[in-house]
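One structure below.
Here the structure is a predicted model, which means the values were calculated and not measured. As a basis for the values below, the full set of heavy atoms in this structure was taken, side chains included, without hydrogen atoms, waters or symmetry mates.
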Amino acid sequence: MTADDRTRVLIAGGGIAALELLLALRVLAGAHVAITLLTAEAQLAPRAMTVAEPFERGAAQAYDWSQIADHQHARLVIDRLVAVDTAAQIVFTHSGRRLHYDILALATGARRVEPFAGALTFGMRDDAAAALRARVADVLTRDAASIAFALPSPSSWPLPLYELALLTAHELREHGSNATVRIVTPEQHPLDLFGPAASDAVKPMLDTLGIELTLRAQPREVLPAALRIDGDQLIAADHVVTLADIAARPIAGLPVDRAGFVPVDLHGRVTGETTVYAAGEVTSFPLRQGGLATQQADTVADAIAATCGRDHDPAPFRPVLRGRLLTSGAPLYLQARPSGQSLASTRALWSPPEKIAGRYLAPYLSTARPTRISAEPLTERVPAVAGGRGDEHDAVTLALALAEAEARCGNPSRALQARDTAHTLDPDLADRGDERLAAALDSEVPA
């Protein structure tokens, strides 16, 4: 195949989803594609290990995009995407470049915003580790101090919050402090997304460290020495730690949903477009996390490969929730599917047992200086439950479940955005959930 015969694929983005797209396309499409990577950042810096930094239990690692692009035979453009002309198949950059493509794969991510003024929003500041250490030090100087870890909403990825609470409580207990450590969460059960196995496994950990758990509580406002939740109830807290909310970063020329995110179908194809795909936080899928972003990226790469020489039926997005929970001891591995699987184990449930469980990314980054794609992609040690309900509707099931959870917590905008996503993925199946969602909202769901 000559260079002129190859499909020009432009990957826009500089995060986890962009790297997984690059690696997956190299495996699935090989010489059939000529890849350009457009990223505003010179380095890839995954956030997953930042929770360990305040406690000196690990650190995030950065990787140079120039080296990655060279290893994967991709052209690298350091610039920021500002607009797309889908009819002409051109993207426009901040510096004035015009880049042509045959297929555009968006992985441009989203913005992080503070959900509550007055809280320490982990993941928003470069000095977040030092800021948390300062708050722990302050708690240690007080006789009856308290620190609350507040989950912003049911759609927030909860693992980092539980990790911060567990590691903070361990640090305080090691110094002889009986300060109150509390998790305040709108979840029905701890780590609800991962099902009963996760709840049963993490609850004894919380109890051992004396961490109080306030469930079914939607945080609303940080006040002096208190956290206000729904019902105008106040929870004592000298300090409040939370996670960033994720807000859209719209791109001119592309469709967006009511919250500004890009709607896609089950193959990652952008609504109304034939040559534009998207994966990760830029999309409208309501649960945003690195591992899920890699799964979306794999779905997109599979769909692209099917259009440029690989004769197969591409698989739709079927989310599998995976999380490696950092604790003061051995990590806890969690895995769940919306169709019913719920697993928790101190033994790794996937291999390599990386915190970001990307099919190609995990083995690629599992070495100190990654230079090539591993011959063996990530493998799942415990597959889907045999004989269980099929997972072909898992993406829609999860979106509807999050819509209902947001509605119950009094977050109608989030609920309707998740409902819209479900309708984009599968209108017929989503219609069946509208009655339950309307009941949760205590009103009719608008069209």
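No side-chain donor from either of Gln72 and Arg26 sits under 3.5 Å from a side-chain acceptor of the other. A side-chain N or O of Gln335 and one of Glu380 form a donor-acceptor pair less than 3.5 Å apart. If you check the side chains of Asn411 and Gln218, you find a donor sitting under 3.5 Å from an acceptor. Judged by distance alone, the side chains of Arg228 and Gln233 never bring a donor and an acceptor atom under 3.5 Å apart. Side-chain contact annotation: His267 with Asp302, donor-acceptor N/O pair under 3.5 Å absent. Looking only at atom types and distance, the side chain of Ser284 has no donor-acceptor partner in the side chain of Gln417 under 3.5 Å away.
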Does the pair Asp245 and Arg414 meet the rule for a salt bridge (charged side-chain N to carboxylate O under 4.0 Å, His left out), with working shown?
-> CA-CA 12 Å; Asp245 257 343; Arg414 292 178 186 269; 2.8 Å; yes

Please test Asp394 against Ser339 for side chain to side chain donor-acceptor pair (under 3.5 Å), starting from the C-alpha separation and ending with a verdict.
-> CA-CA 6 Å; Asp394 272 1; Ser339 50; 3.2 Å; yes

Derivation of the side chain to side chain contact (heavy atoms under 4.5 Å, CB included) call for Thr294 and Ile356 = CA-CA 9 Å; Thr294 66; Ile356 303 174; 4.3 Å; yes

Go through Thr36 and Tyr101 one step at a time and tell me if the side chain to side chain contact (heavy atoms under 4.5 Å, CB included) criterion holds.
-> CA-CA 9 Å; Thr36 296; Tyr101 65 84; over 6 Å; no

Check the pair Leu10, Ile103 against side chain to side chain contact (heavy atoms under 4.5 Å, CB included), reporting the backbone distance first and the verdict last.
-> CA-CA 6 Å; Leu10 175 59; Ile103 295 177; over 6 Å; no

Go through Leu287 and Leu292 one step at a time and tell me if the side chain to side chain contact (heavy atoms under 4.5 Å, CB included) criterion holds.
-> CA-CA 8 Å; Leu287 187 60; Leu292 286 177; 3.5 Å; yes

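Two residues are said to be in side-chain contact when any heavy atoms from C-beta on lie closer than 4.5 Å; Leu159 and Leu191 meet this criterion. Counting heavy atoms from C-beta on, the side chains of Val84 and Phe92 never come closer than 4.5 Å. Considering only heavy atoms from C-beta on, Leu38 stays 4.5 Å or farther from Ile11 through its side chain.
Ion pairing between a basic and an acidic side chain is recognised when a charged N comes within 4.0 Å of a carboxylate O; Glu354 and Arg324 show no such pairing.
Taking all atoms of both residues into account, the shortest heavy-atom contact from Gln43 to Ala62 is OE1-CB, 3.7 Å. Annotation for Ala248 and Phe261: closest pair N-CZ, 3.5 Å, computed over non-hydrogen atoms. Annotation for Ser342 and Ala198: closest pair OG-N, 4.0 Å, computed over non-hydrogen atoms. Closest approach of Arg258 and Ser413 over heavy atoms only: CD-O, 4.4 Å. The two residues Pro154 and Cys409 come nearest to each other via the heavy atoms CG-SG, 3.7 Å. The two atoms that bring Thr275 and Asp102 nearest to each other are CB-O, 3.4 Å, heavy atoms only.
Enclosure of atom CD in Glu212 by more than 12 non-hydrogen atoms of other residues, nucleotides or ligands within 6.0 angstrom is indicated. Heavy atoms from other residues, nucleotides or ligands lying under 6.0 Å from CG of Asp127 number more than 12.
Within the 3.5 Å criterion, the main-chain N or O of Ser155 finds a donor-acceptor partner in the side chain of Glu406. A donor-acceptor distance shorter than 3.5 angstrom exists from the side chain of Thr39 to the backbone of Glu41, with no hydrogens or angles considered. At least one donor-acceptor pair closer than 3.5 Å links the side chain of Trp65 to the backbone N or O of Gly14. When atom types are taken as modelled, the side chain of His71 and the backbone of Gln67 share a donor-acceptor pair closer than 3.5 angstrom. With hydrogens and angles disregarded, no donor-acceptor distance shorter than 3.5 Å links the side chain of Thr86 to the backbone of Gln89. Distance alone, capped at 3.5 Å, is enough to place a donor-acceptor pair between the Thr208 side chain and the Pro204 backbone. When atom types are taken as modelled, the side chain of Thr168 and the backbone of Ala165 share no donor-acceptor pair closer than 3.5 angstrom. Looking only at distances, a side-chain donor or acceptor of Thr242 sits under 3.5 Å from a matching main-chain atom of Ala150. Formation of a donor-acceptor pair under 3.5 Å by the Ser351 side chain with backbone atoms of Pro353 is not found in this model. A donor-acceptor pair under 3.5 Å links the side-chain atoms of Ser199 to the main chain of Pro190, judged by distance alone.
The CZ atom of Arg318 lies 10.0 Å from the CZ atom of Arg337; values are rounded to the nearest 0.5 Å. Interatomic distance, CG of Leu365 versus NZ of Lys355, reported as 14.5 Å (0.5 Å rounding). For the atom pair His423 NE2 and Asp257 CG, the distance stands at 13.5 Å (nearest 0.5 Å). To the nearest 0.5 Å, atom CG of residue Leu227 and atom CD1 of residue Ile229 are 7.0 Å apart. In this structure, Ile235 CD1 and Thr180 OG1 are separated by 11.5 Å, a value rounded to the nearest 0.5 Å.
Checking each of Val184, Asp207, Thr185 against Leu213 for a side-chain contact (heavy atoms from CB on, under 4.5 Å) leaves exactly one that passes, namely Thr185.
Legend: residues meeting side-chain hydrogen bond (donor to acceptor under 3.5 Å, both in side chains) with Glu20, ordered by chain and number and at least two apart, are absent. Shown here are the ring-ring contact (aromatic ring centres under 6.0 Å, His included) partners of Phe285, two or more places apart in sequence or in another chain: Phe317.
Listed by first and then second residue, the salt bridge (Lys or Arg N to Asp or Glu O under 4.0 Å) pairs that reach into residues 273-292 are Arg112-Glu281, sequence neighbours excluded.
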